[in-house]
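As structure tokens, the structure follows; a few thoughts come after it.
All values below were derived from every heavy atom in this structure, side-chain atoms included, with hydrogens, water molecules and symmetry-related copies excluded. In listed order, ligands and their atoms are each counted from 1.
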Amino acid sequence: MNPSATPVAQSASSQSLRRSAEIRKLFRDLYGGDCRLFRAPGRINLIGEHTDYNDGFVMPAAIDLHCCVAVAPTANRAVEVYSTNFNESRSFDLDQPQPRGDWSDYVQGVAIMLEKSGYHFPGAKMLISSEVPMGSGLSSSAALEVAAGVALLDTQDTPCDRVQLAHICRRAENEFVGARCGIMDQFVSCNGRAGNLLMLDCRSLEHSFLPVPEDARLVICNTMVKHAIAGGEYNIRRAQCDEGVRLLSCVVPGLSALRDLSPEDLEQFHELLPSTIYKRCRHVVGENQRVLAAAAALEEQDLQRLGKLMAASHQSLRDDYEVSCPELDLMVELANVVEGVYGARMTGGGFGGCTVNVIASDAVPEFASKIASAYEARTGIVPEIHVSASPLNSNSRFHQRSVALLRSASNDHAQIV
Ligand code: GLA
């Protein structure tokens, strides 16, 4: 993160070149020999929270914080992997998958799910270095999965497209790691486009890109309270949504996910639902509508309207879905009284992590210093404030090679570095 809250655009490419050189050197020191280097971004979600696994709509964006994976093939069907973040090595056998309950499960899970999808790896040495803060709601796990997936794919010859890779990475998290996440994080890490929000229909996977208005910035405020979505609450919310669908499917024809439920049907039949299930459904139904309204507001460059939708989203996540926490609520409350702020809300799974803020560009420096000192004064915690570059950073010089590797569309985010 960039605690100084200075826009990072100008120095981003030289920083990333320095980082690449450091990772290559570490790889040589650890394993000997050369490597190839890949990276995938974390994400923020502007609006559309806990809607992806209900077949609904989301509006995330890739951010300029990445997970880098260096890789070289071996021939022994073993994968050795070192994490600079944990300062730990792990190894696993591609023929005998065995979850260990730690960070390496994301890598092992992706390798195993790629093999189940028909890819075959000789074996690999890998080194991982991520700048996406963990447990912060910025999807460090999807960034790791996608970067590891792209790196592993480089050790074999069969092409894989970006949508397929997103599915495989999600499957790794659902079936190997045990978190029942939706497709949003992996999809945007594979397909995000610099400077744009990704409007995604999580049922059809139809998507479009919405530019972030020139005079606005997306600012991430990290409460520094860690969450763990693999832990129970996330899966409980999913089960509650499934229960809502089950209870209403006998009275609402064609209801296969909360995406299909209209606000009118929900109100008409709400007595069939226990109150907690009703509140969970109300969040999802309302949030889907807010995403569609936010897309229209962005198209009209109506940032005031966008801000109101973000406020309603946060309130619904706090009161109906109950996935916020006092620190997130405080960060949003503090942001809302700073001049130049259009909107603020929690982003990601919740229970800690970050808020996303839409702010007039010229108000950003003052916002960053005001919110950091106010949050610290109230909590005793020093937050991290990250300002996305203008509005999000890209590294397009690497496009050609990554496109060749994945045989996919241009201007994307998971790439060779
Ligand atoms: C986590 C999951 C996503 C999504 C969000 C909440 O980030 O990985 O699939 O459900 O929470 O919107």
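In this structure, a donor-acceptor pair under 3.5 Å is absent between the side chains of H283 and D319.
The atoms of ligand 1 that sit less than 4.0 Å from any heavy atom of Y53 are 10 (O). Which parts of ligand 1 touch D52 is read off a 4.0 Å heavy-atom cut-off, strictly below it: atoms 3 (C), 4 (C), 9 (O), 10 (O). Listed by number with element, the atoms of ligand 1 under 4.0 angstrom from any heavy atom of G182 are 9 (O). Interface of E49 with ligand 1, defined as ligand atoms under 4.0 Å from a residue heavy atom, comprises 6 (C), 12 (O). Atoms of ligand 1 found under 4.0 Å from any heavy atom of Y234 (numbered from 1 in listed order, with element): 1 (C), 2 (C), 3 (C), 4 (C), 9 (O), 10 (O), 11 (O). Using a 4.0 Å cut-off to heavy atoms of M184, the atoms of ligand 1 that qualify are 4 (C), 5 (C), 12 (O).
Ligand 1 lies less than 4.0 angstrom from a heavy atom belonging to R43.
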Output, in order, the C-alpha distance, side-chain angles, deciding distance and verdict of salt bridge (Lys or Arg N to Asp or Glu O under 4.0 Å) for E115 and R77. CA-CA 12 Å; E115 289 234 326; R77 296 280 294 155; 2.7 Å; yes

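The salt bridge (Lys or Arg N to Asp or Glu O under 4.0 Å) test with D320 is passed by exactly one of R282, R280, R237: R282.
Between D185 and ligand 1, at least one N/O pair is under 3.5 Å apart. Note: an N/O pair closer than 3.5 Å links H50 and ligand 1 by distance alone.
For F269 and Y278, the ring centers sit 6.0 Å or farther from each other.
The backbone N or O of P99 sits nowhere less than 3.5 Å from a side-chain atom of D105 that would complete a donor-acceptor pair. Under a 3.5 Å cut-off, the side chain of Y375 and the backbone N or O of T223 do form a donor-acceptor pair.
In this structure, K279 pairs ionically with E322, as a charged nitrogen and a carboxylate oxygen lie closer than 4.0 Å.
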